[in-house]
Amino acid sequence: MDFSPLTDALASKSYEKIADICDDLMLKVAAEGIVFQDEWPYVIHLLGYYYVNDINSARFLWKSIPSTIKDSRAEVVAAWKIGQHLWTRDYAGVYDAIRGFDWSQEAQALVAAFSELYTKRMFQLLMSAYSTISTQDTALFLGMNEDDAAYYVQQQGWTLDPASRMLTVKKQPLVTEQKLDPSKMQCLTEYVFHLEH
Amino acid sequence: MQSIENLVTQIQGLSSNASDITALKDYLKAAEDLLRSESTRLLSFLDQLDPSKHSLGYLYFLEPCMYCSITKERANTLVPIIARFITSCSAEQIRYVPEKFINVCKRYKDQVLLLEAPIRGVGPMLTAIRKIQSSTEHLTTLHPEFLQLCLLAKCYKAGLSVLEDDIYEINLPRDFFLYCYYGGMIFIGQKRFRKALELLHNVVTAPMSSINAIAVEAYKKYILVSLIHHGQFSSTLPKYTSSAAQRNLKNFSQPYMELVNTYNTGKIAELETYVQTNREKFESDNNLGLVKQVVSSMYKRNIQRLTQTYLTLSLQDIANTVQLNSSKEAEMHVLQMIQDGEIFATINQKDGMVRFLEDPEQYKTCEMIEHIDSSIQRIMSLSKKLTAMDELISCDPLYLGKAGRERQRFDFDDFDSVPQKFNI
């Protein structure tokens, strides 16, 4: 099996492409009738899905893995544990699953990249959903201890009330583009023409 | 009298340009009986043919092999041959005999399922669709076969590529029913409930002279997805639904109609009891998973209803109203709804309060404008298509005959009489 597109993507850290590359490769290999399951990089495939936040597809992939592989390859089971916590939205449990396994060399970079991305996503969620939150919960969401978590968010402008251990969230104003370009005039003209006729 | 060897030579010689191929097609059609009688030998001749250059001939040789009873061993030999053929064949050539190509592909699907490896068929079936389609707007018989393989192989994402196309041309009604039903199931699996509803709606409201099983199953899922996505279900079907559907669908889905009534009470405990009591019925329809999603959607529905009455509410009050066990559970529910974009709110842990907000979308951004733009473009092209269809039907003799018969005879403005029969 030619895994070169996959190894290239991993080497160039284009992690967002991993899921699609794995999907296409799997269909191609299956069509040729090759029995691929034993050699398939399920760990990378699952992590690729988590990276683009496609937990549905990760679930289906897990369901399709033969039980012999689930029994014999502990890393695959460990990789799915992350997905399980993502699926049940056990936000803190995701970090436990990431840290609770000694990842192989080829998976390490991707796991680390996903962990970083997940922390950022959690931070964005906290920022949009909370006006005040305890340091304890923040630590759970960000997968850090309380002091590190407090430091991290204060770098982003949040304020800490040391007495109550409460953090006040600083919302970042959303910058969205509002500039229009002249081609829109052409579109508008077409619409009016269409409506008139 | 032709022999197989002669046919092979002809195929090799007459496959290079369009006029040769037309002649070849006639020879092959004449030799169909011979091919069928010699079907057991044909496989051995395939080595002499190139599936990409001699696609038409290859297809004529391959198709009779599909008719013998297929065992697992035979499937093992045939499946890779067909897969290779589909991938390398010339679309132009196979379009001369689309029924044969479709037949081969359908048998291919059967064999892949016999070998219990549906994933093997997903890639080639998609290639087959793209080769046989006259355009991406054309729904072929292979579409539902492909979607079925995607469902069985759990390659839901692969099915999406075909479901994104807008369909304007259909060959057989059965293709359409199955395509929409399987497509609905794929969207349900990907949790894209709005698109699932669209497709299931199409099955339920499609023209049908008598009720069919696909429409019944689709209706059951339609009810469930409606509850999950909209939090409500209306049993009135649109005017354009067939009378067969209007009369019969509800009778076949009694447990589901009861589920809707229980859902509308807003009481989780009652809903859960009802589901438990009728568990077997839902399970035998393979709908238990969806029913469970209906139950969990009720919490969401109840919380959303609160946003219409309150500006701020304590987490404990939310927990009490919605029947959750603790304010922490309520907090997690609200957080998940914020994450999914189902609600706009901020949680204030210090005071244990939730403040409900307005949708911050101002519809002023470039992204939103692009979105509206592309929707308008799609509607404009749909409108043009409808105008073209309308013009075509206005010239159709059947239509004109009927219109002529039913027209008022005594309008001042129309003195031309429309003849009742056209002899064209």
Side-chain angles (χ1 to χ4, degrees), chain A residues 19-20 23-24 26-37 49 54-57 59-64 89-91 121-122 124-134 136-138 141 161 164 166-169 171 174 176-181 184 187-188 190-191 193-195 197, chain B residues 76 79-80 83-84 86-87 112 115 117-127 153-158 189-192 328 331-332 334-341 343-351 353-355 360 362 364-370 373 376-377 379-380 383-384 387:
Chain A
D20 284 339
D23 287 337
D24 291 339
M26 191 182 235
L27 287 181
K28 207 169 105 170
V29 157
E32 288 166 24
I34 303 174
V35 174
F36 59 88
Q37 281 85 344
Y49 281 135
D54 185 357
I55 316 300
N56 286 313
S57 300
R59 260 176 75 232
F60 290 127
L61 180 64
W62 171 252
K63 282 189 187 179
S64 72
R89 305 223 231 189
D90 178 3
Y91 302 109
R121 279 193 193 139
M122 283 297 109
Q124 291 293 333
L125 177 61
L126 292 182
M127 213 170 40
S128 64
Y130 284 91
S131 56
T132 60
I133 182 172
S134 67
Q136 192 186 26
D137 280 344
T138 314
F141 279 114
D161 175 9
S164 58
M166 273 289 168
L167 289 157
T168 311
V169 176
K171 305 270 183 199
L174 270 176
T176 47
E177 254 193 79
Q178 288 189 27
K179 206 161 63 96
L180 287 179
D181 65 279
K184 296 298 169 217
C187 288
L188 282 173
E190 279 169 24
Y191 300 158
F193 178 79
H194 178 84
L195 288 169
H197 295 84
Chain B
N76 252 323
V79 161
R84 226 168 288 136
I86 295 177
T87 332
V112 152
L115 294 176
I119 193 172
R120 282 178 77 165
V122 173
M125 196 59 87
L126 181 57
T127 315
K154 303 208 191 313
C155 296
Y156 284 59
K157 216 170 102 186
Q190 295 291 90
K191 306 241 177 293
R192 288 177 60 180
K328 199 67 182 164
E331 188 185 324
M332 286 300 113
V334 172
L335 181 62
Q336 284 172 27
M337 287 173 75
I338 296 175
Q339 194 180 22
D340 293 341
I343 197 180
F344 300 102
T346 39
I347 304 172
N348 185 335
Q349 267 198 359
K350 196 163 82 174
D351 303 331
M353 300 288 287
V354 177
R355 153 164 291 187
Q362 300 248 300
K364 288 199 289 194
T365 63
C366 281
E367 212 186 296
M368 185 52 76
I369 291 180
E370 288 298 329
D373 240 353
I376 296 182
Q377 300 279 7
I379 300 212
M380 275 169 56
S383 173
K384 290 197 181 97
T387 316

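In what follows, every chain begins at residue 1, and chains take the letters A, B, ... in the order their sequences are listed.
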So which heavy atom on [X] is nearest to which on [Y], and how close?
X	Y	value
A:C187	B:Q377	SG-NE2, 4.3 Å
B:K157	A:S57	CD-OG, 3.8 Å
B:I338	A:A129	CD1-CB, 3.7 Å

Side chain from CB out, backbone as N, CA, C, O: work out which of these in [X] comes under 4.5 Å of a heavy atom of chain A, or both, or neither.
X	result
B:A83	side chain
B:L115	neither
B:A158	side chain
B:M353	neither

Between [options], which residue shows the highest count of heavy-atom pairs closer than 4.5 Å to chain A?
options	value
B:N348, B:V334, B:T365, B:I347	B:I347
B:V122, B:D373, B:T387	B:D373
B:K364, B:K384, B:M380, B:M368	B:M380
B:K191, B:Q336, B:Q190	B:Q336

Could you grab the distance from atom [atom1] of [X] to atom [atom2] of [Y], nearest 0.5 Å is fine?
X	Y	atom1	atom2	result
B:Q339	A:L125	CD	CG	5.0 Å
A:L126	B:L335	CG	CG	7.5 Å
B:I376	A:L188	CD1	CG	8.0 Å
B:R84	A:E32	CZ	CD	8.5 Å
B:M332	A:D90	CE	CG	10.0 Å

Contact leader toward chain B among A:G33, A:S64, A:S128, where contacts are heavy-atom pairs under 4.5 Å: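 Answer, by heavy-atom pair count under 4.5 Å with chain B: A:G33.
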Leading residue by heavy atom contact count with chain B [cutoff under 4.5 Å; candidates A:I55, A:L167, A:D54, A:L27]: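 It is A:L27.
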Is [X] close to chain B through its backbone or its side chain, or both, or neither, when contacts mean heavy atoms under 4.5 Å?
X	answer
A:Y49	side chain
A:D161	neither
A:M122	side chain

Taking only Lys NZ, Arg NE, NH1 and NH2, and the carboxylate oxygens of Asp or Glu, determine whether B:D340 and A:R89 approach each other closer than 4.0 Å.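 Answer for the salt bridge query: yes.
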Counting C-beta onward and ignoring hydrogens, is there a side-chain heavy-atom pair between [X] and [Y] closer than 4.5 Å?
X	Y	answer
B:K350	A:T168	no
A:D137	B:K328	yes
A:M26	B:C155	no
A:W62	B:K154	no
B:I119	A:F36	yes

Show, in sequence, the C-alpha distance, side-chain angles and deciding distance for A:S131 and B:Q349, and conclude whether the side chain to side chain contact (heavy atoms under 4.5 Å, CB included) test is met. CA-CA 8 Å; A:S131 56; B:Q349 267 198 359; over 6 Å; no
Modelled atom types, side-chain donor and acceptor of A:Y130 and B:E331, under 3.5 Å: yes
